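So the structure is just underneath, and the comments pick up after that.
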Amino acid sequence: QVQLVQSGGGLVQAGDSLRLSCAASGGSISTYGMAWFRQAPGKEREFVAAITRSGSITYYADSLKGRVTIPRDNAKNTVYLQMNSLKPEDTGVYSCAATSRSILPRPESVLYDYWGQGTQVTVSS
């Protein structure tokens with residue numbers, strides 16, 4: 001059973017960039033499609049980005065397209081979320097997730113079996 005451990009996050013200013021990391025242990029992430037989700041205060045969890053096992057296909061939420069990327073390094077057993085031009089509305093808890101149930105990047109959280117612990121990102125104006 002794979003375990004996902006996140007790092008990164010914190011308090012940044014609007015316009016800054018930030019990279020979150022999600023490192024896997026207990027298994028190879030090369031067998032999992034990976035994704036990032038976020039949850040803002042008082043709101044439901046929403047999809048941010050997803051990537052296939054090989055990294056050949058990515059999928060982004062329309063609202064974030066152009067500002068985020070989801071690179072992965074299977075050799076390091078790690079997936080990242082690179083966020084640029086951050087806005088206060090990007091504030092929330094960001095979680096990485098892994099799925100073995102789809103070969104395509106999918107935005108549905110119910111498809112993901114393993115989750116990181118979540119990390120807070122706060123963007124000040």
Side-chain angles (χ1 to χ4, degrees):
Q1 179 171 331
V2 69
Q3 294 181 324
L4 305 176
V5 178
Q6 298 176 219
S7 60
L11 175 63
V12 297
Q13 293 186 335
D16 285 352
S17 296
L18 192 65
R19 188 178 80 163
L20 306 181
S21 298
C22 174
S25 62
S28 172
I29 66 165
S30 64
T31 61
Y32 295 94
M34 302 296 295
W36 287 91
F37 294 82
R38 70 182 184 183
Q39 187 166 18
K43 295 187 177 181
E44 295 185 353
R45 178 188 289 163
E46 67 171 337
F47 169 75
V48 174
I51 188 168
T52 50
R53 299 169 189 175
S54 67
S56 60
I57 304 173
T58 55
Y59 179 57
Y60 298 99
D62 287 342
S63 61
L64 291 160
K65 201 173 296 182
R67 294 199 297 121
V68 301
T69 59
I70 183 173
R72 68 185 295 162
D73 187 338
N74 286 345
K76 294 183 178 180
N77 233 18
T78 301
V79 66
Y80 306 93
L81 182 67
Q82 177 67 43
M83 300 185 286
N84 302 317
S85 302
L86 283 163
K87 304 175 182 179
E89 50 264 44
D90 293 319
T91 294
V93 176
Y94 286 70
S95 299
C96 62
T99 180
S100 59
R101 292 192 264 174
S102 176
I103 61 172
L104 294 175
R106 299 291 299 271
E108 299 92 345
S109 62
V110 295
L111 293 177
Y112 292 84
D113 302 304
Y114 305 104
W115 291 81
Q117 80 276 20
T119 186
Q120 177 70 42
V121 172
T122 302
V123 184
S124 65
S125 58

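No experiment lies behind these values; they were computed from the predicted model shown. Numbering of residues begins at 1 and proceeds along the displayed sequence.
- Atom CG of Asp73 and atom OH of Tyr80 lie 5.0 Å apart (nearest 0.5 Å).
- In Lys76, the NZ atom is not crowded: 12 or fewer heavy atoms of neighbouring residues, nucleotides or ligands sit closer than 6.0 Å.
- Among residues two or more places apart in sequence or in another chain, the side chain to side chain donor-acceptor pair (under 3.5 Å) test is passed with Ser109 by none.
- Residue Met34 holds its CE atom at 11.5 Å from CG of Leu81, rounded to the nearest 0.5 Å.
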Pair Val68, Ile70 - check side chain to side chain contact (heavy atoms under 4.5 Å, CB included), show working.
CA-CA 7 Å; Val68 301; Ile70 183 173; over 6 Å; no
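- For the atom pair CZ (Phe47) and CH2 (Trp36), the distance works out to 13.0 Å, reported to the nearest 0.5 Å.
- Interatomic distance, Ile103 CD1 to Ile57 CD1, rounded to the nearest 0.5 Å: 8.0 Å.
- For the residue pair Pro88 and Thr91, the shortest heavy atom distance occurs at O-OG1, 2.9 Å.
- Residues Leu4 and Ala24 approach most closely at CD2-CB, 3.8 Å, considering heavy atoms.
- When all heavy atoms of Thr99 and Tyr112 are compared, the closest pair comes out as CG2-CE2, 3.4 Å.
- Under a hydrophobic-cluster definition in which Ile, Leu, Val, Met, Phe, Trp and Tyr are linked whenever side-chain heavy atoms come within less than 4.5 Å, directly or via other members, Leu64 and Met83 are assigned to the same cluster.
- Heavy-atom minimum distance, Ile29 versus Val79: CD1-N, 4.1 Å.
- Look at Asp90 and Lys87 and you find no salt bridge, because none of the NZ, NE, NH1 or NH2 atoms lies under 4.0 Å from a carboxylate O.
- A side chain to side chain donor-acceptor pair (under 3.5 Å) with Tyr94 is found for exactly one of Arg38, Gln39, Gln120, namely Arg38.
- For the atom pair CD (Gln13) and OG1 (Thr122), the distance works out to 12.5 Å, reported to the nearest 0.5 Å.
- Using the six-membered ring where Trp is involved, Trp115 and Phe37 have ring planes that are tilted, between 30° and 60° apart.
- Between the side chain of Asn84 and the backbone N or O of Gly66, no donor-acceptor pair lies under 3.5 Å.
- Between Gln6 and Ser95, the shortest heavy-atom contact is OE1-CA, 3.3 Å.
- The environment of Leu11 atom CG is dense: over 12 non-hydrogen atoms of other residues, nucleotides or ligands sit within 6.0 angstrom.
- The backbone N or O of Gly33 lies less than 3.5 Å from no partner atom in the side chain of Arg106, so there is not a single donor-acceptor pair.
- Counting only distance, with no hydrogens or angles, the side chain of Ser28 and the backbone of Ser30 share a donor-acceptor pair below 3.5 Å.
- Distance check: Arg67 CZ to Ser85 OG gives 7.0 Å after rounding to the nearest 0.5 Å.
- Residues Arg72 and Thr52 share a closest heavy-atom pair of NH1-O, 2.7 Å.
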